[in-house]
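Atoms considered below: every heavy atom in the structure, side chains included; atoms not considered: hydrogens, waters and symmetry mates. Numbers here are sequence positions counted from 1.
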Amino acid sequence: MKLKTTFLSSFVMAAFAATGHSAVLPDVQTQSSWFVSGQASIAGKQMISNAPRAKNVILFVGDGMGVSTLTASRILQGQLAGNAGEEGLLSFENFQNTALVKTYNVDAQTPDSAGTMTAMMSGLKTDVGVIGVDEDIERGDCATVNGNEVVTALELAEIKGLSTGVISTARITHATPAATYAKSADRNWEDVSDMPEAAVTGGCKDIADQLINFEENVEARFLGTDIDGIEVVMGGGRRHFLPRDEAFNSADAVSSVEGDRTDARDLTAEWQDKYENGVYVMDQIGFDAIDPANTERVFGLFNESHMQYEADRTNDIAGEPSLSQMTAKAIDILDNNEKGFFLMVESGRIDHGHHAGSAYNALTDTIEFAEAVQAAMDATDPAETLILVTADHSHVFTIGGYPKRGNPILGKVVRVGESEPYLASDGLPYTTLGYTNGRGFRDLGSETNADVAYSEDSLAGRVDLTAVDTTASGFHQETTVPTSSETHAGEDITLHAKGPGAYLVQGTIEQNMVFHVINRALGLVAE
């Protein structure tokens, strides 16, 4: 059953002309049931019709950052500072406006990042596994893309003349960052080697190609527009931009042949040819050398695949900037535009830590994510910048067992009035944190890379943890159901807001409402 009308066809997009101000979208878009309900919800909350607009909007997405992750992270943050932990708050938990967000996809009770981020970027919910297209798409079928593309907040910001940026600790072609700029029938089409021959011959472009040619793609879809392209792109995923030829290996290549592309194209070189005043960087030294005041645009690819977990970052061969460093640098570049900017910042590896069954990695990346939000607050004027902090979905990650106040959040359960771990009915101790499904127990000692867990078979069920240091970085929690990778969860996540337009964030909302909050703040679509 279809839940919406057709969104914005390529033909209608082609007729769309930039005004340099707010965009007037055609009826076929504004009459979509998802879009209409989102606009109506915003209108119902506009108690102050003349509320000030924002000059800038920064959208932070903690991938997989559910409520249990927030709670455990704030406790760990406090305990690392020598406190009991429960009394603390992550930086963005101090924001006065908060809402619960329903994350389901059109076709799925428990969602994925492609569908959820497309909803946040476009104002329309869509299916699992597709990027920048509406629910009329058939996943994996290139022929169904045409006519089902959606318009994103980032594209509208470019058309309005704002500067734009996309940052992620995941591959920059991964689902969440890709949903800001790409249109794809499958989230896995990160480069041409990932695509079936029918898709290639059918004219569909891989996600990396779409990033490099973003400017031309938008101008072709919106005749009469003249944009200058995304100013800041930083993340991982270098392999999707390089040809499958060891001659193109970077200094910190992990694979014998770093590049994946089978079309012999070096997209990093193509970007540099396109933007002669742009700066391409791939390591900490190059990042540190960027002078924001005199830099027009930056393309940073800091890893062959995903960037390192925050806890593992010092082990990177060439060096990688932290999420908070990338955020601060991006703002310093983007605010050179007097019209303002739109920036999306994703902490992609929170999600990966959970998938690997490592609470330690998920929580330490969440703490760094909160530092990045703080860096944004420190670098912007709260009177002109709307900061939104949210997640795309949750994980099957739990906190329980009646531990006493201040008990190490990564530790074994010690009950109130006791000093030794409590024993379950099977006579064994157990941890406060756990997963409903996943790869299960690992005792990897001081290992800081959660992905090492994938080298061993899944192990469900109980283990004697008596002599195991469960607070160590290499410990992975037990699980009940063995799966190749721990899964997402379907409960609501949170949205926190601070700045002009933050008052619209309240109650329990659909995920596509995030777009409408951004739109109202920046005036992207004429009302």
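At a cut-off of 3.5 Å, with distance as the only test, no side-chain donor of E310 or S322 sits close to an acceptor on the other residue. For E190 and T173, the side-chain atoms include at least one donor-acceptor pair closer than 3.5 Å. Defined by atom type and a distance below 3.5 Å, a donor-acceptor pair is present between the side-chain atoms of T69 and H354. Donor-acceptor pairing under 3.5 Å is recorded for the side chains of T487 and N437.
Residues V133 and T118 fail the side-chain proximity criterion, which asks for heavy atoms closer than 4.5 Å. The shortest distance between side-chain heavy atoms of H174 and H352 falls below 4.5 Å. Between T144 and D136 the shortest side-chain heavy-atom distance does not fall below 4.5 Å. Between L59 and T390 there is a side-chain heavy-atom pair separated by less than 4.5 Å. By the 4.5 Å heavy-atom criterion applied to side chains, R53 and P500 are not counted as neighbours. A heavy-atom distance below 4.5 Å is not found between the side chains of S168 and T176. Using a 4.5 Å heavy-atom cutoff, the side chains of H240 and D206 are not in contact. In this structure, the side chains of N148 and D134 come closer than 4.5 Å at one or more pairs of heavy atoms.
The ring-ring contact (aromatic ring centres under 6.0 Å, His included) test applied to F299 returns F241, W271, Y280, not counting sequence neighbours. For N213, the side chain to side chain contact (heavy atoms under 4.5 Å, CB included) partners two or more places apart in sequence, or in a different chain, are D209, E216, N217, R265, K274. Applying the side chain to side chain contact (heavy atoms under 4.5 Å, CB included) criterion to E219, with sequence neighbours excluded, gives E215, T225, D226, I227.
Between T164 and the choices D228, I230, V232, the side-chain contact (heavy atoms from CB on, under 4.5 Å) rule is met once, by I230. A side-chain contact (heavy atoms from CB on, under 4.5 Å) with L386 holds for exactly one of I518, V57, L522, I58; it is V57. Just one of M117, K125, H393, K102 meets the side-chain contact (heavy atoms from CB on, under 4.5 Å) condition when paired with Q511; it is K125.
In this structure, the side chain of E158 engages the main chain of G229 through a donor-acceptor pair within 3.5 Å. Between the side chain of R139 and the backbone N or O of V130 there is no donor-acceptor pair closer than 3.5 Å. Side chain of S73 to main chain of L70: no donor-acceptor pair is present (N/O by atom type, distance under 3.5 Å, no hydrogens or angles). Of the possible donor and acceptor atoms, one in the side chain of R349 sits under 3.5 Å from a partner among the backbone N and O of M307. Checked by atom type and distance alone, the side chain of H395 never pairs as donor or acceptor with a backbone atom of A489 at under 3.5 Å. Here the side chain of N97 pairs a donor or acceptor atom with the backbone of A502 at under 3.5 angstrom. At least one donor-acceptor pair under 3.5 Å links the side chain of D107 to the backbone N or O of V128.
Other residues, nucleotides and ligands contribute at most 12 non-hydrogen atoms within 6.0 Å of the NZ atom of K498.
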(request) Kindly indicate, with the supporting measurements, whether the criterion side-chain contact (heavy atoms from CB on, under 4.5 Å) is fulfilled by F287 and V298. (result) CA-CA 9 Å; F287 175 85; V298 172; over 6 Å; no
Chi angles and distances behind the salt bridge (Lys or Arg N to Asp or Glu O under 4.0 Å) call for K183, E155:
CA-CA 12 Å; K183 322 295 173 189; E155 291 169 329; 3.0 Å; yes
TODO: Let me see the working for K339 and K160 under side-chain contact (heavy atoms from CB on, under 4.5 Å), right down to the final yes or no.
DONE: CA-CA 9 Å; K339 293 183 178 181; K160 191 176 174 68; over 6 Å; no
side-chain contact (heavy atoms from CB on, under 4.5 Å), that's the test. Do F95 and V373 meet it? Break it down for me.
CA-CA 11 Å; F95 292 4; V373 177; 4.0 Å; yes
Given side-chain contact (heavy atoms from CB on, under 4.5 Å), test D392 with M120 step by step and report yes or no. CA-CA 9 Å; D392 45 1; M120 288 190 273; 4.2 Å; yes
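The aromatic rings of F369 and F92 sit perpendicular, their planes meeting at an angle over 60°, well past the 30° parallel limit.
A salt bridge is defined here as a Lys NZ or Arg NE, NH1 or NH2 lying under 4.0 Å from an Asp or Glu carboxylate O, and K55 with D335 fails to meet this definition.
In terms of heavy atoms, A179 sits closest to I131 at CA-CG2, 3.6 Å.
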